[in-house]
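As structure tokens, the structure follows; a few thoughts come after it.
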Amino acid sequence: MQPRWIEETVQNFSDPTVGLVQGITLYLKKSWSLLWQFQSIDFFSHSVVAAAGIGRSLPINSNANNFAFRRSVYTSLDGYGEGAKVISGDDDLFLQRVWEQGRWAILFNRNPSTVVQTEPVQTWKELFEQRKRWGSKTLYYKPI
């Protein structure tokens with residue numbers, strides 16, 4: 001997290017209708033290997049899809065490492081609900097439940113000072129297993 005992440009993210013909640021804010025997460029640059037390049041492009045595409053979905057009022061995916069919401073939203077939905085039982089699904093499924101509730105605005109935070117960086121996996125096998133885990137939660141998505 002960057003030093004001003006909390007302060008800059010919280011500013012999005014100055015509008016009382018905002019219930020959830022999603023931001024950009026990028027991989028730390030470890031090398032220029034093909035594995036790192038592939039992961040970086042693939043992972044960035046998840047942020048692009050998240051931003052597009054939120055911008056079109058059809059939020060479908062999110063990333064928990066740059067995700068904030070009001071406690072009142074969490075409480076009104078009884079927490080993560082059944083999504084808490086889904087491996088790697090709590091973030092997307094919670095976002096979708098907030099949207100379904102229809103009471104809260106959802107924003108995508110493009111502020112550069114709120115970009116979060118995380119570690120990529122180290123092998124192609126780990127990448128395959130990670131993406132398989134991430135993809136498994138789509139079985140719980142509701143039709144739009």
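For reference, positions follow the sequence shown, starting with 1. Since we're looking at a predicted model, the values are computed, not measured.
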Subject >> Straight-line distance of L127 CG to K132 NZ, nearest 0.5 Å >> reply: 12.0 Å
Subject >> Contact check, side chains of L20 and W99, non-hydrogen atoms, under 4.5 Å >> reply: no
Subject >> Rounded distance [0.5 Å steps], CG in D91 versus CZ in F67 >> reply: 6.0 Å
**OP:** On the 0 to 90° scale, with breaks at 30° and 60°, tag the F69-Y80 ring pair as parallel, tilted or perpendicular.
**Re:** perpendicular
Original post:
Do the side chains of N61 and H46 get nearer than 4.5 Å, heavy atoms only?
Top reply: yes
Original post:
Does one hydrophobic cluster hold both V48 and L26, with members joined at side-chain heavy-atom distances below 4.5 Å?
Top reply: yes
**OP:** Please tell me if the side chains of W124 and L35 come closer than 4.5 Å, counting only heavy atoms from C-beta onward.
**Re:** yes
Subject >> Gap separating the CD atom of Q11 from the CG atom of N111, nearest 0.5 angstrom >> reply: 7.5 Å
**OP:** Could you tell me whether R97 and E100 have a side-chain N and a carboxylate O separated by less than 4.0 Å?
**Re:** no
**OP:** For N109 and V21, indicate whether the former's side chain and the latter's backbone hold a donor-acceptor pair under 3.5 Å.
**Re:** no
Subject >> pair S62-F108: side-chain heavy atoms closer than 4.5 Å >> reply: no
Subject >> Polar side-chain atom of E126 near backbone of T123 as donor-acceptor pair, under 3.5 Å >> reply: yes
Original post:
Backbone N or O of Q37 within a donor-acceptor pair of the S40 side chain at under 3.5 Å?
Top reply: no
Original post:
Side chain of E7, backbone of W5: donor and acceptor closer than 3.5 Å?
Top reply: no
Original post:
Are any non-hydrogen side-chain atoms of L93 and Q96 less than 4.5 angstrom apart?
Top reply: yes
**OP:** Check the surroundings of atom CZ in R110: do more than 12 heavy atoms from other residues, nucleotides or ligands lie under 6.0 Å from it?
**Re:** no
**OP:** Looking only at non-hydrogen atoms, find the nearest pair between N66 and Q22 and report the distance.
**Re:** O-NE2, 2.9 Å
Subject >> Nearest-0.5 Å distance, CG of residue L95 to CG of residue D92 >> reply: 7.0 Å
Subject >> ILVMFWY cluster, I106 and L58 together (side-chain gap under 4.5 Å) >> reply: yes
**OP:** Kindly compute the distance separating OG1 (T9) from CE (M1), expressed to the nearest 0.5 Å.
**Re:** 7.0 Å
**OP:** Please report the closest heavy-atom contact between W104 and S72, naming both atoms and the distance.
**Re:** CH2-OG, 3.7 Å
**OP:** Determine, using ring centers only, whether Y27 and F44 are less than 6.0 Å apart.
**Re:** no
Original post:
Are the aromatic rings of W134 and F43 close, with centres under 6.0 Å apart?
Top reply: yes
Original post:
Do V116 and I24 have side chains that get closer than 4.5 Å, going by heavy atoms?
Top reply: no
Original post:
Under a 4.0 Å N-O cut-off, is there an ion pair linking K137 with D90?
Top reply: no
Subject >> Flag side-chain contact, heavy atom, 4.5 Å: R70 against T75 >> reply: no
Original post:
Rounded to the nearest 0.5 Å, how far does CD of E8 lie from OG of S113?
Top reply: 3.5 Å
**OP:** Taking the side chain as every heavy atom from C-beta outward, state whether L77 and Q101 have any pair of such atoms under 4.5 Å apart.
**Re:** yes
Subject >> Donor-acceptor pair, side chain of E119 and main chain of L28, under 3.5 angstrom >> reply: no
